[in-house]
Amino acid sequence: MCVFCGIVAGEVPKHEVYSGERVLAFLDINPATRGHCLVVPKRHVERLGELSREEAAELLEAAGAIAEACRSQLGAKGVNFWINQGRVAGQVVPHLHLHVVPRYAEEEVKVEVRAERAAQQELEETAERLRKGLR
Ligand code: 5GP
Ligand code: ZN
């Protein structure tokens with residue numbers, strides 16, 4: 001059983017923040033900032049695309065509500081929402097989780113992205129391939 005399934009089942013201790021029909025949210029044990037939460041579907045899935053519409057809606061609603069609470073209760077000035085999907089993207093726990101990271105100052109968290117301007121043709125070809133995958 002994965003550690004987040006253990007948390008959902010009540011077999012691994014947690015600091016619960018939200019529990020609904022399909023979604024649970026609890027504090028990350030290694031918080032990037034105060035109030036760093038993980039929002040997870042109660043059903044074990046690895047990828048965002050595996051969620052049902054109902055699960056996806058509750059996940060996003062819970063994340064939005066938690067962000068509001070971070071603002072009103074903890075004084076957060078902003079929030080980062082992020083998902084690491086797949087080992088190559090840094091996913092360590094193979095149970096989908098949305099990080100909700102309240103931000104109090106710019107320097108606390110550094111997300112580095114190396115990006116360069118792409119050629120027009122490459123953008124066109126890539127968009128066409130993705131549209132194909134979505135048909
Ligand atoms: P990932 O790198 O997979 O996106 O993030 C996994 C997150 O889960 C990490 O931020 C880590 O601190 C957190 N985490 C790992 N094990 C536990 C645990 O047993 N309890 C809680 N609350 N968080 C955990
Ligand atoms: Zn799981």
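What you see is a predicted model, and the numbers here were worked out from it, not measured in a lab. Below, all heavy atoms of this structure are taken into account, side chains as well, without hydrogens, waters or symmetry copies. Remember, it's 1-based here, ligands and their atoms both numbered in the order they're listed.
Here's the thing with V12: none of its N/O atoms is less than 3.5 angstrom from an N/O atom of ligand 1. For ligand 1, none of its N or O atoms has an N or O atom of L38 under 3.5 Å away. The shortest N or O to N or O distance between F4 and ligand 1 is not below 3.5 Å.
Protein heavy atom closest to atom 22 (N) of ligand 1, with residue, atom name and distance, is L27 O, 2.9 Å. Closest protein heavy atom to atom 18 (C) of ligand 1: I29 CD1, 3.6 Å. The protein atom (non-hydrogen) at minimum distance from atom 15 (C) of ligand 1 is V93 CG2, 4.1 Å. What sits closest to atom 2 (O) of ligand 1 on the protein, heavy atoms only, is G90 O, 2.9 Å. In terms of protein heavy-atom proximity, atom 3 (O) of ligand 1 is closest to V92 N, 2.7 Å.
Aromatic ring orientation, W82 versus H99: parallel (interplanar angle below 30°, classes split at 30° and 60°).
The angle subtended at the Zn ion (ligand 2) by SG of C2 and SG of C5 is 120°, given to the nearest 10°.
Between Y18 and L24, every side-chain heavy-atom pair lies at or beyond the 4.5 Å cut-off. Annotation: side chain of S19 is in contact with side chain of K42 (closest heavy-atom distance under 4.5 Å). Taking the side chain as every heavy atom from C-beta outward, F26 and V17 never approach each other to under 4.5 Å. Side-chain contact between D28 and C37 is absent, with no heavy atoms from C-beta onward closer than 4.5 Å.
In summary, E58 and R43 do not engage in a salt bridge, as defined by a charged side-chain N under 4.0 Å from a carboxylate O.
When distances from the Zn ion (ligand 2) to the N, O or S atoms of H95 are compared, ND1 comes out shortest. Summary: ND1 is the N/O/S atom of H44 found nearest to the Zn ion (ligand 2).
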Any chance you could lay out the side chain to side chain contact (heavy atoms under 4.5 Å, CB included) test for L74 and Y104, step after step, and finish with the verdict? CA-CA 9 Å; L74 304 180; Y104 307 92; 3.5 Å; yes
Would I29 and L27 count as a side chain to side chain contact (heavy atoms under 4.5 Å, CB included) here? Give the steps. CA-CA 6 Å; I29 39 167; L27 292 180; over 6 Å; no
Start with the C-alpha distance between H36 and L38, add both sets of side-chain angles, then the distance that settles side chain to side chain contact (heavy atoms under 4.5 Å, CB included), and finish with yes or no. CA-CA 7 Å; H36 179 173; L38 302 172; 4.1 Å; yes
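Contacts between H99 and ligand 1 below 4.0 angstrom, taking non-hydrogen atoms only, involve the side chain exclusively.
The minimum heavy-atom distance between C2 and H44, with the atom names listed, is SG-ND1, 3.5 Å.
Remark: ligand 1 atoms within the under-4.0 Å shell around heavy atoms of N30 are 11 (C), 12 (O). Residue Q91 has at least one heavy-atom neighbour below 4.0 Å for each of these atoms of ligand 1: 3 (O).
The closest approach between a heavy atom of K14 and any atom of ligand 1 is not below 4.0 Å. Under a 4.0 Å heavy-atom criterion, I7 is in contact with ligand 1.
Annotation for R103: atom CZ counts as buried by contact number, over 12 foreign heavy atoms lying within 6.0 Å.
Across H97, H36, H95, heavy-atom proximity to atom 6 (C) of ligand 1 is greatest for H97. With atom 7 (C) of ligand 1 as the reference point, the heavy atom nearest to it among D28, N84, V3 is part of D28.
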